[in-house]
Amino acid sequence: MLTAASILLVLFAVSSAQQQQQQQQPNFTHHAVLDPSGKFRLNWLPATNGSEYFTFECVVATRGWIGLGFSPNGAMAAADMVIAWVDASGRPQISDRHGPAQGNAFPPADSTQNYELVSGRKNNTHTVITFRRKQDTCDPQDWKITSDTTRLIWAFNDQVPTSADDIQKHTERGVKSAQLVNPPTTDGMSKILADPSTKIYDMRVADVKVPADKRTLYWCEIVELPQWKKHHVIANRMMVQKGNERYVHHLVVYGCGEEDMSEHLGKPAACFDDTQVFSPMQKCTDYLAVWAVGGEDFVYPSNMGSPMFGDSKQRFVLIEMHYDNPDLTPGITDSSAFRFYLTEKLRPVETGRFTVGMPVTPVHLVIPPKQERFTTYAYCPSKCTSRMTEPMTVFTGLLHTHLLGVAMRVRVIRNGEEIKSEMRDDHYDFNYQSPVYLSKPLVIMPGDDLIVECTYGSMDRDTMTYGGFGSDNEMCLAFMEYYPKRNISSEDCMSFINPEGLLEVLGLQKDQFNIGQEAFFVGSAVTVINQNQQNVTIPNWYKNDLKMTDDMVTKLQDYVKNSPQTVSCALQGRDAPGGNLTDSSFFKMDGPIQNPRPYVEPAAVCAASSGSGSTTTSQPTRTTTNRG
Ligand SMILES: *[C@@H]1O[C@H](CO)[C@@H](O)[C@H](O)[C@H]1NC(C)=O
Ligand SMILES: *[C@@H]1O[C@H](CO)[C@@H](O)[C@H](O)[C@H]1NC(C)=O
Ligand SMILES: *[C@@H]1O[C@H](CO)[C@@H](O)[C@H](O)[C@H]1NC(C)=O
Ligand SMILES: *[C@@H]1O[C@H](CO)[C@@H](O)[C@H](O)[C@H]1NC(C)=O
Ligand SMILES: *[C@@H]1O[C@H](CO)[C@@H](O)[C@H](O)[C@H]1NC(C)=O
Ligand SMILES: *[C@@H]1O[C@H](CO)[C@@H](O)[C@H](O)[C@H]1NC(C)=O
């Protein structure tokens, strides 16, 4: 129910908006199409250059009302919403509202109206409404906009309300994730496309048959690079075959170093099955490019490029495609491609890539079922980063988990104090994985400690989820791109817990399990003698035999955080390719990285006031934030 007071507030907002209509329309820097058929388009200008206001423009194919919301999880409950329309007399109207605490009842109006109309108009087909709001309105009924992934919920109805009391239920609605704050990665694409000196190189898979009898296919193909002179990659674009958007989930391109992969040419295959691995996966480990579902074009800053070609020894790359076919749709064939935009005019700054996180195996990464939040910890300690000879400036990156991921962050601790890192997302969305272009680069100094935290929600799982390549399995990897590039290939820093110790926490005795050589890739390489004296693979043991108690979950959470982990440090180059635990690239830590002084986001400056909520100018003090 709307109260008389809230109607007055709406009217107040309308009249103040009319005064602002003369205001100049900003040039929007960010754009998104929120629905598949392009009926709801959103343009916005983040708070920049000292302005604390975000300005949004909704361009919607309706003459009725339009709704936009910011939601923690895509649902209307607890979302911050704004509804706007152009009324029968042609005047724009706006109403700041919020989702009901639970369920999908009609969103009530906020007690404080924080959305301001800038302008509104409509023609025969479209309504265009521009409004602005502060990044942090200090109103607990509003969403604080952060650099996290934001779920934008949208709705409209062709009905023209006569008042804020007369808004009918939406006829169309949906949800779409977006990065609202970070600079767009696609600035300058039109310039690159128009420049006749831009070259393209496509890495394409050919006629991959997506199976209809299982959900996940990882497809691997070795490609020989042409013998071109050195170029810089200045942009890239995933070209998903039309119609296959639902199935092409992600792609990673790995360099094979100086390995000769010619025997694998023309023999693409599944990257692994239950019993074996496509062998180049173990040799081609230098990650060169990554794209995941939801990802957009990526354009390098105009002074930077990522080197490609020109090294006659590094001839081969591995394309790894992940197909996801949850409905087991038959007859899908795919020839998608990843396109590199290149220039011969080398740019002054060269970029390199490195990865931090956990190895993808069933005995290093485990997430017990029925957990609201379970966090894994990977460490790249000072002992590893101090092998770098100069700082690494991370300007973009991609955080990667699978379906259970709810939050992820890369923390940087320098001299016992955590520094601000934008490589984080407290509202992770598996279906929106786009490289973020950090508004403030993350500088990693030699000697810094890095912690990668992946937080998972497993309430809808009944058995243990474990590290693996399938969508139902999990990963915890942060792919980062930095400058200036160092002159080495393999650049990563991964850490892992002791798998024997893990299995003991899960209640097994040493003589009950066997961890085979290929444990890093294939679940069946780990076998367990179960309570019926059967010799079963670890995935089957997790599924059929393991019963997690609360006490075991507590011990497991403690073990994955605090047990001494082994680090694989390839920030300077491995002593030997595919090195083993006797190499100095591998070392055991004494214990977890401590973070005595965690970074705390400066509190928003929210004016406390007595008569809170009664007018549009006095705002209640914000007591909670969207950030955990
Ligand atoms: C938008 O861009 C145009 C042309 O580049 C410029 O003339 C105008 O002042 C800009 N508007 C604002 C609000 O910055
Ligand atoms: C902000 O200011 C910088 C330089 O001061 C300028 O390059 C940039 O275009 C400005 N951004 C916007 C959105 O006005
Ligand atoms: C109506 O407005 C929309 C959105 O601005 C625009 O794309 C469309 O061309 C307009 N239609 C006409 C007939 O002007
Ligand atoms: C990079 O290192 C290799 C050997 O480690 C050397 O042959 C090559 O010249 C180096 N390149 C540059 C640009 O320093
Ligand atoms: C269980 O089977 C695997 C091979 O399937 C074997 O390597 C392992 O030794 C067996 N475990 C025991 C305890 O017999
Ligand atoms: C590890 O590598 C060293 C040489 O770097 C070799 O002597 C040793 O046998 C290897 N150990 C294993 C377990 O493969």
Side-chain angles (χ1 to χ4, degrees), residues 33-39 74 172 174-177 200-224 236-254 264-281 284 289-297 317-340 360 400-405 429-434 460-461 465 468-475 521-524 539-540 543:
V33 180
L34 302 192
D35 69 310
S37 49
K39 290 181 180 169
E172 297 202 38
V175 54
K176 164 112 180 162
S177 286
I200 59 174
Y201 176 70
D202 286 349
M203 280 183 194
R204 184 182 300 281
V205 292
D207 299 323
V208 179
K209 296 195 172 31
V210 179
D213 60 350
K214 56 179 182 176
R215 174 172 184 171
T216 301
L217 172 67
Y218 268 71
W219 188 251
C220 276
E221 178 155 1
I222 292 288
V223 171
E224 182 169 15
N236 54 50
R237 168 177 286 179
M238 183 67 190
M239 314 228 300
V240 174
Q241 181 180 325
K242 270 230 155 9
N244 286 357
E245 293 80 3
R246 291 178 54 196
Y247 311 108
V248 179
H249 191 269
H250 81 239
L251 157 148
V252 187
V253 180
Y254 296 99
H264 297 284
L265 288 172
K267 296 180 206 156
C271 303
F272 55 89
D273 59 26
D274 291 341
T275 54
Q276 58 182 348
V277 176
F278 182 66
S279 62
M281 282 197 78
C284 306
V290 60
W291 172 88
V293 65
E296 288 147 24
D297 291 349
V317 300
L318 169 67
I319 308 177
E320 173 197 290
M321 289 281 275
H322 173 182
Y323 294 97
D324 187 28
N325 187 3
D327 304 326
L328 306 180
T329 308
I332 310 297
T333 304
D334 184 63
S335 300
S336 294
F338 191 73
R339 173 163 290 181
F340 295 89
V360 181
H400 188 63
T401 76
H402 283 176
L403 288 164
L404 298 190
D429 182 357
F430 172 71
N431 289 311
Y432 180 75
Q433 302 189 34
S434 203
D460 65 352
R461 296 280 168 98
T465 303
F469 293 91
S471 299
D472 293 340
N473 304 134
E474 273 306 330
M475 293 193 178
F521 292 96
V522 184
S524 61
N540 282 333
K543 198 164 123 212

Student: Between Ala212 and Pro330, which heavy-atom pair has the shortest distance, and what is it?
Tutor: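 Where Ala212 meets Pro330 most closely, the heavy atoms are CB-CA, 3.6 Å.
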
Student: I would like to know whether Arg246 and Asp327 meet side-chain contact (heavy atoms from CB on, under 4.5 Å); could you show each step before the answer?
Tutor: CA-CA 10 Å; Arg246 291 178 54 196; Asp327 304 326; 2.8 Å; yes

Student: May I ask you to say whether Lys176 pairs ionically with Asp35, meaning some side-chain N is under 4.0 Å from a carboxylate O?
Tutor: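 The answer is no: the pair does not qualify as a salt bridge.
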
Student: Please check if the side chain of Asn325 supplies one atom and the backbone of Pro211 the other of a donor-acceptor pair under 3.5 Å.
Tutor: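 It does hold such a pair.
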
Student: If we check side chain to side chain contact (heavy atoms under 4.5 Å, CB included) with His250, which of these qualifies: Met238, Met321, His400?
Tutor: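 When Met238, Met321, His400 are each tested with His250, the side chain to side chain contact (heavy atoms under 4.5 Å, CB included) holds only for His400.
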
Student: Which heavy atom of Ala337 sits nearest to which heavy atom of Asp202, and what is that distance?
Tutor: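 Result for this residue pair: CB-CB, 4.4 Å.
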
Student: Supply the atom-to-atom distance Ile319 CD1 to Glu221 CD, rounded to the nearest 0.5 angstrom.
Tutor: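 Answer for the CD1-CD pair, Ile319 versus Glu221, is 5.5 Å.
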
Student: So, for Cys271 and Trp219, which heavy atoms are closest and what is the spacing to 0.1 Å?
Tutor: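 Heavy atoms only, the tightest pair is SG-C, 3.3 Å.
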
Student: Could you check if a side-chain atom of Ser336 sits within less than 4.5 angstrom of a side-chain atom of Leu251, using non-hydrogen atoms only?
Tutor: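 SC-SC contact between Ser336 and Leu251 ruled out.
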
Student: Can you measure from CG (Leu403) to CG (Asn473) and round to the nearest 0.5 angstrom?
Tutor: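 It comes to 10.0 Å.
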
Student: If we only count heavy atoms from C-beta on, is the Leu318 to Cys220 side-chain gap below 4.5 Å?
Tutor: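 A side-chain contact exists here, since the closest heavy-atom pair is under 4.5 Å.
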
Student: So, Glu320 side chain and Val252 main chain: donor-acceptor pair closer than 3.5 Å or not?
Tutor: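 No.
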
Student: Between Gly468 and His402, which heavy-atom pair has the shortest distance, and what is it?
Tutor: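 Answer, listing the atom of Gly468 first, then His402: O-CE1, 4.0 Å.
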
Student: Do Tyr247 and Asp334 have side chains that approach each other closer than 4.5 Å (heavy atoms only, starting at C-beta)?
Tutor: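 Tyr247 does not reach Asp334 side chain to side chain.
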
Student: May I ask you to decide if the ring planes of Phe430 and His249 are parallel, tilted or perpendicular, using 30° and 60° as cut-offs?
Tutor: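 Because their plane-to-plane angle is under 30°, the rings of Phe430 and His249 count as parallel.
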
Student: Evaluate the side-chain proximity of Val248 to Tyr323: yes if any heavy-atom separation is below 4.5 Å, no if none is.
Tutor: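 Yes - at least one pair of side-chain heavy atoms lies under 4.5 Å apart.
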
Student: Would you compute the distance between atom NZ of Lys209 and atom CG of Leu217 and round it to the nearest 0.5 angstrom?
Tutor: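 Taking NZ in Lys209 and CG in Leu217, the distance rounds to 12.0 Å.
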
Student: Taking atom CZ of Arg339 and atom CD1 of Ile200, what is their separation to the nearest 0.5 Å?
Tutor: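 Reported to 0.5 Å precision, the distance equals 3.5 Å.
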
Student: Could you check whether the rings of His322 and Tyr218 sit parallel, tilted or perpendicular, using 30° and 60° as the cut-offs?
Tutor: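 Because their plane-to-plane angle is under 30°, the rings of His322 and Tyr218 count as parallel.
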
Student: Test your reading of the model: is there a side-chain donor-acceptor pair from Gln433 to the backbone of Gly295, 3.5 Å cut-off?
Tutor: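 Side chain of Gln433 to backbone of Gly295, a donor-acceptor pair under 3.5 Å: no, none is there.
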
Student: Between the side chain of Arg461 and the main-chain N/O of Asp472, is any donor-acceptor distance below 3.5 Å?
Tutor: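 Confirmed, Arg461 side chain pairs with Asp472 backbone.
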
Student: Check whether any side-chain N or O of Asn244 sits under 3.5 Å from a backbone N or O of Thr333 as a donor-acceptor pair, and report yes or no.
Tutor: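 Indeed, once roles are kept as given, a pair shorter than 3.5 Å links the two residues.
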
Student: Locate the shortest heavy-atom distance separating Tyr254 from Cys284; write the atom from each residue and the value.
Tutor: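 Residues Tyr254 and Cys284, closest heavy atoms: CB-O, 3.4 Å.
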
Student: Return the minimal non-hydrogen interatomic distance between Leu404 and Asp460, and the atom names on each side.
Tutor: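 Taking every non-hydrogen atom into account, CD2-OD1, 4.3 Å.
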
